[in-house]
K.L.:
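Structure incoming, see below.
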Amino acid sequence: MKLDSKIPEGSISEKWTNHKNHLKLVAPNNRPKIDVIVVGTGLAGASAAASLGEMGYNVKAFCFQDSPRRAHSIAAQGGINAAKNYQNDGDSTYRLFYDTIKGGDYRAREANVHRLAEVSANIIDQCVAQGVPFARDYGGLLDNRSFGGTQVQRTFYAAGQTGQQLLLGAYSALSRQIGLGRVQMFNRHEMLDLVKVDGKARGIIARNLITGDIERHSAHAVIIASGGYGNVYFLSTNAMGSNVTAAWKIHKQGAFFANPCYVQIHPTCIPVHGTNQSKLTLMSESLRNSGRIWVPKKKEDAEAIRAGKLKPTQIAEEDRDYYLERRYPAFGNLVPRDVASRAAKERCDAGFGIEANDTNEGVYLDFSSEIISKGKQAAYAKGNHHPTDAEVTALGKQWLEEKYGNLFTMYQKITNENPYETPMKIYPAVHYTMGGVWVDYNLQTNIPGCFVAGEANFSDHGANRLGASALMQGLADGYFVLPYTVSNYLADEIRTGTISTDLPEFVEAENRVNEQINMFLNNNGTKSVDYFHKALGNIMWNKVGMGRNEQGLKEAVAEIDALRAEFYKDVYVPGSADELNPELEKVIRVADFMELGQLMAMDALQRKESCGGHFREEYQDAEGETLRDDENFKFVGAWEYQGSDINKEVLHKEELVYEYIKIAARNYK
């Protein structure tokens, strides 16, 4: 099957405008006759549901949380990108487009990325109109800061809680539509299957997580906006409930799953503390604006720190290795996430890690230089041109508190260490997934009527996502893309009429769901769901993590195969189906993670190159940088489901064509 990305003709700067001008429309009086399902209420889902409701469609929105406000988008800290050039430092739509393509290691679709850059400025205006409290400078104008992989300041932010504020803005728009009756909200519901009628997406099967009832819901189009699949690793920065189930269920119904091996490891997370830990905490990338990352130059100093015999503040400046500044002088501490993560791993693998955990993995994020620099500026601004060291320190800490106070408080509560006084300890951890369901330019899968938005699709980030681009993509998809492209599809549905949930296809899908639930409840195994999830996570982190090689990936495929067989034979799920049963929820999600994990290893195995977050140890240069193979692997790898034996999945390739950007080796030096 040939993948048709449906990229419009014409100049890249005009593709989206011309495409919108020729899309089919649904007249306002016809929209109330049409039903749309939206699964997920994070930034992509909430903005899509609110926009389609505002347009007049009948929308059903689903989330497994008790409120849309608890979607994982709320955890995003650092900011959202937009090419407004407020800082007059040379930014533009093209620059954002270029940085995103380069940051993704030339493995993203040009047309989609340019559209994202085009609509980015509109997102900020939309959110300001909703009352999102973005940070502002002294004169009252919106402020910006830098993020990794760029040399401009284009990131808009609201302290260290940008995701929360943006989600509250989208939630307010969604709530308005719920109040008007245009959106029907289904909290505590989880989608467990997609229903297709005559090849088109016509509805979903959902489980009421409170009562256990299995429900049929029909629609003329289905939008999946259910987030990423980082929890396949068990330990990640994702919320504990984040899962792949909605995306994987549509994959099993025929939607291709693209680039599953592209996983982002975030460089600034609090290190793993112990084996009983179930969640990792992200420290915003924005901190790399002000913090300098280092490890001791001497192994004996690192060993002394791990043993508690030496404090980081006792290490002299000349004995500190600011390794990112040393290796990448042009970008320094603001290199892209995959680059910063691998550099931290290299130092720790070499024995310079500073955290006294099982693996001795950890590096420092130090704010002492920023405290002095900003303290002197603040003192000077107050007319004190000869401040004492104590005055400088006090003013510098005050500046940091205003900029990052909630992040510093969070760190101190978790670690019981004061980051104003001693450097933060950080280490890379699984964060975001660039892979996802394959979609065309219209964000439609190869199943007609089934659209995918936000992190759940693969489309905009290539092999690595630049910081502050996730919120940008989610809101771009929901506010400024789907309202046009979904309407184009629905224009042919105005005569379809209400879709009955008594159709055989709905009965068959409901039976599939009940069969899986009953199988797990009657399994009578001896091991918990978490036992298997942790075992899967260990395989994934050790063999499909930051560093990958052919032998390890082959072992991962075989080991996950064996673990999956044991899982179905020996997992134990207590309780019943007709009640609130968190273990039943988890077992269905972990069953999907098992299959996905194997596909991720298979995808990483076939991609014999290093690019972005996919680092094959066999393919690196003398300095440890990625070696792409543009001749053989400049494609999107989209996998087709072929039954329960994941080894039989079929790979389809969408060749990536670059007309407006010259492909080159990524260089941040």
Side-chain angles (χ1 to χ4, degrees), residues 37-50 53 59-77 130 161 163-193 204-217 222-231 236-247 249 278-279 281-282 410 453-456 471 474 478 513 517 529-530 533 573-590 592:
I37 284 174
V38 180
V39 179
T41 56
L43 288 181
S47 59
V59 180
K60 289 183 176 181
F62 294 79
C63 71
F64 65 74
Q65 299 92 342
D66 60 353
S67 166
R69 290 173 297 173
R70 296 195 189 277
H72 187 55
S73 299
I74 207 165
Q77 297 168 343
Q130 290 175 339
Q161 50 183 240
Q164 178 177 349
Q165 298 302 332
L166 290 172
L167 186 60
L168 288 172
Y171 175 68
S172 68
L174 177 63
S175 295
R176 179 172 181 270
Q177 298 308 314
I178 294 171
L180 291 171
R182 293 172 182 158
V183 175
Q184 190 177 1
M185 189 67 227
F186 292 85
N187 300 336
R188 303 297 280 132
H189 279 66
E190 184 152 31
M191 171 187 163
L192 294 181
D193 214 339
I204 65 170
I205 305 297
R207 179 172 181 266
N208 182 321
L209 299 180
I210 302 296
T211 66
D213 292 342
I214 304 300
E215 303 174 1
R216 307 174 190 176
H217 297 274
V222 175
I223 298 169
I224 305 298
S226 54
Y229 49 87
N231 273 351
S236 80
T237 68
N238 288 194
M240 290 297 290
S242 298
N243 63 82
V244 76
T245 290
K249 296 306 186 190
S278 58
K279 174 81 175 67
T281 303
L282 171 70
M410 181 172 71
E455 190 179 357
L471 306 185
V513 170
I517 289 172
V529 179
D530 278 352
H533 197 177
V573 181
S576 65
D578 57 353
E579 63 178 350
L580 176 64
N581 190 340
E583 290 301 299
L584 179 58
E585 297 170 32
K586 283 198 292 187
V587 77
I588 295 170
R589 296 167 186 169
V590 173
D592 295 329

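Reckoned from all heavy atoms, side chains included, excluding hydrogens, waters and symmetry mates.
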K.L.:
Measure the spacing between CD of Glu215 and CG of Leu192 and express it to the nearest 0.5 Å.
P.N.:
11.0 Å
K.L.:
Within a reach of under 6.0 Å around CZ of Arg69, are more than 12 heavy atoms found that belong to other residues, nucleotides or ligands?
P.N.:
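No, the 6.0 Å shell around CZ holds no more than 12 heavy atoms from other groups.
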K.L.:
Any donor-acceptor pair under 3.5 Å linking the side chain of Arg207 with the backbone of Ala577?
P.N.:
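It does hold such a pair.
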K.L.:
With side-chain contact (heavy atoms from CB on, under 4.5 Å) as the test, would you mind laying out the steps for Asn187 and Asp66 before giving the verdict?
P.N.:
CA-CA 5 Å; Asn187 300 336; Asp66 60 353; 5.6 Å; no
K.L.:
Enter the distance from Ile205:CD1 to His189:NE2 here, rounded to the nearest 0.5 Å.
P.N.:
12.0 Å
K.L.:
Begin from the C-alpha positions of Asp530 and Val590 and carry the test side-chain contact (heavy atoms from CB on, under 4.5 Å) through to its verdict.
P.N.:
CA-CA 9 Å; Asp530 278 352; Val590 173; over 6 Å; no
K.L.:
Quick one: CD on Glu585 to CD on Glu190, what's the gap to the nearest 0.5 Å?
P.N.:
6.0 Å
K.L.:
Without swapping roles, check the side chain of Asn231 against the backbone of Ala239 for a donor-acceptor pair under 3.5 Å.
P.N.:
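Confirmed, Asn231 side chain pairs with Ala239 backbone.
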K.L.:
Nearest 0.5 Å, please: how far is CE in Met240 from CZ in Arg589?
P.N.:
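The distance works out to 10.0 Å.
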K.L.:
Assign the ring pair Phe186 / Phe62 to parallel, tilted or perpendicular, where the plane angle (0 to 90°) is split at 30° and 60°.
P.N.:
parallel
K.L.:
Sub-3.5 Å donor-acceptor pair from the side chain of Lys60 to the main-chain atoms of Met185, do we have one?
P.N.:
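Absent.
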K.L.:
What do the steps show when you test Leu580 against Arg188 for side-chain contact (heavy atoms from CB on, under 4.5 Å), and what is the final call?
P.N.:
CA-CA 10 Å; Leu580 176 64; Arg188 303 297 280 132; 3.4 Å; yes
K.L.:
With side-chain contact (heavy atoms from CB on, under 4.5 Å) as the criterion, how do Val38 and Val183 come out once you've worked through the C-alpha distance, each side chain's angles and the decisive distance to 0.1 Å?
P.N.:
CA-CA 10 Å; Val38 180; Val183 175; over 6 Å; no
K.L.:
On a heavy-atom basis, which atom in Ala71 and which in Gly42 lie closest, and how many Å separate them?
P.N.:
CB-CA, 3.4 Å
K.L.:
Give a yes or no on whether the backbone of Leu282 and the side-chain of Gln77 come within a donor-acceptor separation of less than 3.5 Å.
P.N.:
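Yes, because the side chain of Gln77 sits within donor-acceptor range (under 3.5 Å) of the backbone of Leu282.
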K.L.:
Any idea which heavy atoms bring Ile37 and His217 closest together, and the distance?
P.N.:
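What the structure gives for the nearest pair is CD1-O, 3.6 Å.
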K.L.:
Tell me the closest heavy-atom pair linking Thr41 and Leu167, and the distance in Å.
P.N.:
O-CD1, 3.7 Å
K.L.:
Where is the tightest heavy-atom contact between Leu471 and Ala76, given as atom of each residue plus distance?
P.N.:
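Heavy atoms only, the tightest pair is CD2-CB, 3.6 Å.
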K.L.:
Rounded at 0.5 Å granularity, tell me how far CZ in Phe64 sits from CE in Met191.
P.N.:
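Reported value, rounded in 0.5 Å steps: 13.5 Å.
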K.L.:
Between Lys586 and Val573, is any pair of side-chain heavy atoms under 4.5 Å apart?
P.N.:
no
K.L.:
Between Asn581 (side chain only) and Pro574 (backbone N and O only), is there a donor and an acceptor less than 3.5 Å apart?
P.N.:
yes
K.L.:
Side chains of Val59 and Gln177, heavy atoms from C-beta outward: is any pair under 4.5 Å?
P.N.:
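Heavy-atom side-chain distance check fails, nothing below 4.5 Å.
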K.L.:
What pair of heavy atoms forms the shortest contact from Ala170 to Ser47, and how long is it?
P.N.:
CB-N, 4.4 Å
K.L.:
Return the CG to CG distance between Asn243 and Asn238, rounded to the nearest 0.5 Å.
P.N.:
10.0 Å
K.L.:
How far apart are the closest heavy atoms of Cys63 and Pro68, and which atoms are they?
P.N.:
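Scanning both residues completely, I find the closest heavy atoms to be SG-N, 4.1 Å.
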